[in-house]
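Before any comments, here is the structure.
Positions are given from 1 along the sequence.
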Amino acid sequence: MSYKFIITIDCQPGTRSRILDRAPAAQAEPGCIAYDFYTCTDDPDRLVFVETWADEAAHGFHMEQQHTKDFISFHEQFHRNFTFETINVS
């Protein structure tokens, strides 16, 4: 079974494009099945990242990469709210 989760970032007004401009290309990493970004239609300052990894170990590898750590460190300064949800595909 794949490892899938949703990250929701409520951005400070006007910072959405700064976050998206720095988003890494995780699709090139081993075990990445999908790595998609969305902007909510009712709140343009809300970003939703939907990621699917082959397993939790593949995601763990991703989290240890320097570009991932740099991206997280960069976007944390622009949060109003941050939610990380692990989901199961039924």
Side-chain angles (χ1 to χ4, degrees):
M1 178 179 286
S2 63
Y3 182 67
K4 188 170 194 143
F5 56 89
I6 300 170
I7 297 170
T8 304
I9 301 173
D10 291 318
C11 308
Q12 295 173 15
T15 63
R16 178 190 64 176
S17 63
R18 293 177 75 181
I19 293 171
L20 289 176
D21 288 347
R22 293 276 301 264
Q27 290 98 335
E29 291 180 17
C32 183
I33 297 169
Y35 196 81
D36 301 304
F37 309 130
Y38 302 93
T39 301
C40 290
T41 56
D42 60 341
D43 183 353
D45 290 320
R46 176 172 289 154
L47 296 174
V48 179
F49 296 72
V50 180
E51 300 184 25
T52 306
W53 295 86
D55 51 33
E56 195 168 351
H59 178 252
F61 174 82
H62 166 67
M63 294 303 292
E64 291 301 318
Q65 301 309 300
Q66 191 60 50
H67 66 87
T68 302
K69 292 177 183 181
D70 291 346
F71 177 59
I72 291 169
S73 177
F74 173 77
H75 71 68
E76 286 177 333
Q77 65 186 316
F78 303 119
H79 294 183
R80 285 184 292 131
N81 189 45
F82 177 87
T83 306
F84 181 98
E85 302 171 276
T86 303
I87 58 174
N88 293 316
V89 179
S90 298

**Study point:** Connected via hydrophobic side-chain network under 4.5 Å: F82 and F71
**Key:** yes
Practice item. Take I7 and T83 through the side chain to side chain contact (heavy atoms under 4.5 Å, CB included) test and state the conclusion after the steps. Key: CA-CA 6 Å; I7 297 170; T83 306; over 6 Å; no
Review point. Do M63 and F5 belong together in a cluster built from hydrophobic side chains that touch within less than 4.5 Å?
Key: no
**Study point:** Minimum side-chain heavy-atom gap E51-W53 below 4.5 Å
**Key:** yes
Exercise for review: Considering non-hydrogen atoms only, spot the tightest contact between T39 and P44 and give its length.
Suggested key: CG2-O, 3.5 Å
Check your understanding: Counting N and O atoms only, with roles assigned by atom type, does the side chain of H59 sit under 3.5 Å from a partner on the main chain of D55, one being a donor and the other an acceptor?
Key -> no
Point to revise | Interatomic distance, L47 atom CG to T15 atom OG1 [nearest 0.5 angstrom] | key: 8.0 Å
Exercise for review: Check side chain to side chain donor-acceptor pair (under 3.5 Å) between T68 and all other residues, then give those that pass, not counting sequence neighbours.
Suggested key: H62
Review point. Is it true that the NZ or CZ of R22 lies under 6.0 Å from the centre of F74's six-membered ring and within 45 degrees of the ring axis?
Key: yes
Practice item. Group every Ile, Leu, Val, Met, Phe, Trp and Tyr by side-chain heavy-atom contacts under 4.5 Å, then state whether I72 and L20 land in the same group. Key: no
Check your understanding: What residues form a side chain to side chain donor-acceptor pair (under 3.5 Å) with R46, not counting sequence neighbours?
Key -> D10
Practice item. Check step by step if side chain to side chain contact (heavy atoms under 4.5 Å, CB included) holds for T86 and K4. Key: CA-CA 6 Å; T86 303; K4 188 170 194 143; over 6 Å; no
Check your understanding: Is any side-chain heavy atom of F37 closer than 4.5 Å to a side-chain heavy atom of V48?
Key -> no
Check your understanding: Can you name the closest pair of heavy atoms from A58 and G31 and give their distance?
Key -> CB-CA, 3.9 Å
Point to revise | Distance-minimising heavy-atom pair for I33 and S2 | key: CD1-CB, 4.2 Å
Practice item. Examine distances only and state if a side-chain atom of Q12 and a backbone atom of Q77 form a donor-acceptor pair shorter than 3.5 Å. Key: yes
Review point. Mind checking whether Y35 and Y38 sit in one hydrophobic cluster, side chains of I, L, V, M, F, W, Y counted as touching below 4.5 Å?
Key: no
Check your understanding: Any donor and acceptor pair, going by atom type alone, linking the side chain of E64 with main-chain N or O of F61 inside 3.5 Å?
Key -> no
Practice item. Check the surroundings of atom CD in E56: do more than 12 heavy atoms from other residues, nucleotides or ligands lie under 6.0 Å from it? Key: no
Study note, to complete from the structure: Nearest heavy-atom approach of R16 to C11 is CA-SG, 4.2 Å
Study note, to complete from the structure: Shortest non-hydrogen pair, E29 vs Q65, comes out as OE2-CG, 4.0 Å
**Study point:** Heavy-atom closest pair, residues I19 and F49
**Key:** CG2-CZ, 4.4 Å
